[in-house]
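As the structure is a prediction and not an experimental result, all values here were calculated from the model.
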Amino acid sequence: MTITKRAAIVIAGAALTGAGFLPSAGAADTSSAAPSTKVVETRDGSPRAISCEKGDVCFYNSSWQRCSWPVADPNWSTGVLKCSWAKTRNVYYVWNNGTSSASGVAYYLGTDYKNRVGCTRQQKSGYLQNTYKVASHRWVDGNCG
């Protein structure tokens, strides 16, 4: 599904519900494609089922709200695909379910890819420090941890 079509679904869904954004939804949670799912062990040891569409990078906060993108985004708060909690919640977990030839997804504290704070390789996931807010990300080649 193209980013334009996914953005239109997000906008239409928000208009139908009367919400500024769908509750507990991430940037691409309104996609009609079946997401990939897996069970992760949370930090308290309990299992948690999460999903992330094939080809996307998905970021979660500590309440397991997800924001996901099929492409790079220089500004999570004002881009075509917005992350509703980006300015108020720290990133807790990342799943790079990307399928491109890039080595991984780098994420940044600042908009426009400033102040790189981490990188997660393709088809990898993991817990982040849960002490910072991410404002942008992009797929990169080369060094990714």
Quick one, Tyr60 with Ile50, criterion side chain to side chain contact (heavy atoms under 4.5 Å, CB included). Give me CA distance, side-chain angles, the key distance, then yes/no.
CA-CA 9 Å; Tyr60 303 82; Ile50 60 171; 3.9 Å; yes
Tell me whether Trp85 is reachable from Leu109 by hopping between hydrophobic residues (I, L, V, M, F, W, Y) whose side-chain heavy atoms are closer than 4.5 Å.
yes
Got a sec, which residues hit side chain to side chain donor-acceptor pair (under 3.5 Å) with Tyr107, two or more places apart in sequence or on another chain?
Thr120
Only counting residues at least two apart or in another chain, list the ones meeting side chain to side chain donor-acceptor pair (under 3.5 Å) with Arg138.
Tyr108
For the residue pair Asn143 and Cys119, what are the closest heavy atoms and their distance?
O-SG, 4.5 Å
Can you tell me how far apart SG (Cys144) and CG (Asn96) are? Round to the nearest 0.5 Å.
7.5 Å
Stepwise side chain to side chain contact (heavy atoms under 4.5 Å, CB included) test for Asn130 and Ser62:
CA-CA 8 Å; Asn130 198 34; Ser62 61; 4.2 Å; yes
Just jot down the side chain to side chain donor-acceptor pair (under 3.5 Å) partners of Thr78, sequence neighbours excluded, or say none.
Asn75
Would Trp139 and Val117 show up in the same hydrophobic cluster when neighbours are defined by side-chain heavy atoms closer than 4.5 Å?
yes
For Gln65, is there any backbone N or O sitting under 3.5 Å from a side-chain donor or acceptor partner on Ser63?
no
Can you tell me if Thr99 and Gln122 form a side-chain donor-acceptor pair at under 3.5 Å?
no
Taking the two cysteines Cys52 and Cys58, decide whether their SG atoms are closer than 2.5 angstrom.
yes
We want to know whether Ser103 and Arg121 form a side-chain donor-acceptor pair, criterion being a heavy-atom distance below 3.5 angstrom.
no
Any side-chain heavy-atom pair of Val105 and His137 under 4.5 Å:
yes
By side-chain contact (heavy atoms from CB on, under 4.5 Å), which residues pair with Asp112, not counting sequence neighbours?
Pro74, Lys114
Between the main-chain N or O of Leu81 and the side-chain N or O of Trp69, is there a donor-acceptor pair closer than 3.5 Å?
yes
Can you tell if the side chain of Tyr132 reaches within under 4.5 Å of the side chain of Gln129, non-hydrogen atoms only?
yes
With side chain to side chain donor-acceptor pair (under 3.5 Å) as the test, would you mind laying out the steps for Asn90 and Lys133 before giving the verdict?
CA-CA 4 Å; Asn90 293 337; Lys133 294 167 187 60; 3.2 Å; yes
Closest heavy-atom pair and its distance - Ala135, Thr111:
CB-N, 3.7 Å
Between CG on residue Asp56 and OG on residue Ser51, distance to nearest 0.5 Å
10.0 Å
Which heavy atom of Cys67 sits nearest to which heavy atom of Ser84, and what is that distance?
SG-N, 4.1 Å
Does the Ser125 side chain pair with the main chain of Trp95, one donor and one acceptor, at a distance under 3.5 Å?
no
Can you sort out the partners of Ala86 under side-chain contact (heavy atoms from CB on, under 4.5 Å), two or more places apart, ordered by chain and number?
Trp76, Ser77, Cys83
Taking side chain to side chain donor-acceptor pair (under 3.5 Å) as the test, write out the residues that go with Asn97, two or more places apart.
Ser36, Gln123
Among all residues two or more places apart in sequence or in another chain, which pass the ring-ring contact (aromatic ring centres under 6.0 Å, His included) test with Tyr127?
Tyr92, Tyr93
